[in-house]
Amino acid sequence: MKGLNLTLAALLAASCAMPAWAQSKSDVTIVLGEELDLVEPCMATRSNIGRVILENISETLTELDAKNGGKVAPRLATSWEDQGNGTWRFKLRENVKFSDGTSFDAEDVKHSLERATSPKISCELSRYFGDTKLTATAVDPTTLDVKAEPPQPILPLLMSVLTVVPSETPIEFTRQPIGTGPYVLSNWTPGQSIVLDRRDDYWGDKPAVTKATYVFRTDSAVRAAMVQAGEADLAPSISQLDATNPATDFAYPNSETMYLRVDTSIPPMNDKRVRQALNMAIDRTAFIGSLLPEGTEPAVAIVPPTTLGWNKDVKVPAYDVEGAKKLLEAAKADGVPVETPIELIGRNNNYPNATEVNEAIQAQLQDAGFTVDLRMLDVAEQEKLYSKPYLEGRPPQLLSVLHDNAKGDPVFSAFFKYHSQGRQSGISDPKADDLITRASAATGEERAKLWSELFAYVHDDVVADVLLFHMVGFARVAERLDFKPTIATNSQLQLSEIGLK
């Protein structure tokens, strides 16, 4: 009865909170768990922004086709060819216009790359390029050369994260994104809703959806109830507990990995025994089927098992509270300040039951002898702590985060997570740096072998972080929509892929 009361209360709250807009049969309402703090295209690799902007407003040169075997597919580029010496030539689509009416050409892509990698702006997508220097040259309006130093054999795949903006776009973040995509941002009311309208002059096929209104509700039960009541059409992320209707609710493989980012430069985290104790203190199996859904897998790498170089020989740390206590005692005897309070910092509404999961992690770490204070922050506040430059004078911290890699290659994860110069790296290890550099430039079996070696090294030898779970997603889709979620649904939601029955 308590669950029923909660559901009814959630439904009532959703109905009362919904704005009274008129909706035609070709309009859709999408309810998300997280608000957008930015509508900046070069930040669209962050999931809360990408679900709205990526390939809807702002397009990329290439894209990964999750529905057809994960192949690199054309988008704004129609073809590409390796010219040798690190240079790739891209032929660009003709007769494409931005939503402001200006024509798209190679100079726009050149500017987009230079803007995204400029030190004057903290674009998130640049982290995927690692220490590779990319130089774009407009050969002619429809031909672009991109030179990678050192050479990057998967450069066409890397171009799937470069959102293209007009060459007139200033360096600073924008609140009015202009793109070549099938939709235009027509209204943004922070904290309430975002509205995208279909463009009549889009270069590609006309999507079925004419208008998309995004609203934000933090409670999974509310999001599910809204779709059930017809107040919304799609909730791409709901809890398994709310996925109760086989006609509307779908599980999908999630490309997110949950982990605790350890800052190894600050005592007591700089002692390997402490990091081993952190890993041993968490009973991963206790979360699966309770706070996290069945199908969730314990993680041994920052990327999902479908990724190139996956190392099947790396094992999940055994749950051993007494062993963790002994490691802390040994470290304390050597003068390591193991009693120093540690901040566990989570992100509100990052996934269903995020607060409860982090509370359980806190309790398990405390049972092993750690002193842990939990802080749950909104995405913008957590990002200030997650990426370099890290705050001076910070206490020892564990950042409880999700990392998304649906691209199939570790290059989208390894540098910025584990290289000493990586924007979100908590380690500085010369061997890890060398493995990342060599793997990024390698091809074929050698590339897979080096990535596999890196995964084993950072997990077993360095103990770089506390890898926890490969996630499973659940979505509720109104029966009037023709849409099935995929591994890409967590980080992007292309309106053009939504059909209407």
Worksheet item: In terms of side-chain geometry, is the basic nitrogen of Asp219 or Arg217 positioned less than 4.0 Å from the acidic oxygen of its partner?
Response: no

Worksheet entry | Centroid-centroid distance, Phe474 to Phe250, less than 6.0 Å | no

Worksheet item: Looking at residues at least two apart in the chain, or sitting in another chain, which of them share a side chain to side chain contact (heavy atoms under 4.5 Å, CB included) with Ser413?
Response: Ile302, Val303, His403, Asn405

Discussion item. Looking only at side-chain N and O atoms, does Asp404 offer a donor or acceptor that is under 3.5 Å from a partner on Ser47?
Written reply: no

Worksheet item: Does any pair with a residue in residues 288-322 pass ring-ring contact (aromatic ring centres under 6.0 Å, His included), and if so which ones, sequence neighbours excluded?
Response: Trp310-His470

Worksheet entry | Test log, rule salt bridge (charged side-chain N to carboxylate O under 4.0 Å, His left out), inputs Arg199 and Asp201 | CA-CA 6 Å; Arg199 291 175 54 191; Asp201 59 344; 3.0 Å; yes

Practice prompt. Output all residues satisfying side chain to side chain donor-acceptor pair (under 3.5 Å) with Ser220, sequence neighbours left out; order by chain, then residue number.
Written response: Asp242

Worksheet item: What residues form a ring-ring contact (aromatic ring centres under 6.0 Å, His included) with Phe412, not counting sequence neighbours?
Response: Tyr128

Practice prompt. May I have the step-by-step check of salt bridge (charged side-chain N to carboxylate O under 4.0 Å, His left out) for Asp465 and Arg261, ending in yes or no?
Written response: CA-CA 5 Å; Asp465 39 30; Arg261 201 283 305 282; over 6 Å; no

Worksheet item: Can you list every ring-ring contact (aromatic ring centres under 6.0 Å, His included) pair that touches residues 479-501, not counting sequence neighbours?
Response: none

Worksheet entry | Under-4.0 Å salt bridge between Asp65 and Lys71 | no

Item to complete: Name all residues meeting the side chain to side chain donor-acceptor pair (under 3.5 Å) criterion together with Gln397; count only those two or more places apart in sequence or in a different chain, and write none if there are none.
Response: Glu343

Fill in: Lys/Arg-Asp/Glu bridge criterion (N-O < 4.0 Å) met for Lys501, Glu479
no

Discussion item. Can you tell whether the side chains of Glu34 and Arg347 come within less than 4.0 Å, N to carboxylate O?
Written reply: yes

Practice prompt. May I ask you to test the Arg476-Thr244 pair for a side-chain heavy-atom distance under 4.5 Å?
Written response: yes

Fill in: Side-chain ion pair, Arg223 and Glu231, N-O less than 4.0 Å
no

Worksheet entry | Gap separating the CG atom of Leu260 from the CG atom of Leu365, nearest 0.5 angstrom | 7.0 Å

Worksheet item: So does Arg46 pair up with Asp37, basic N to acidic O under 4.0 Å?
Response: yes

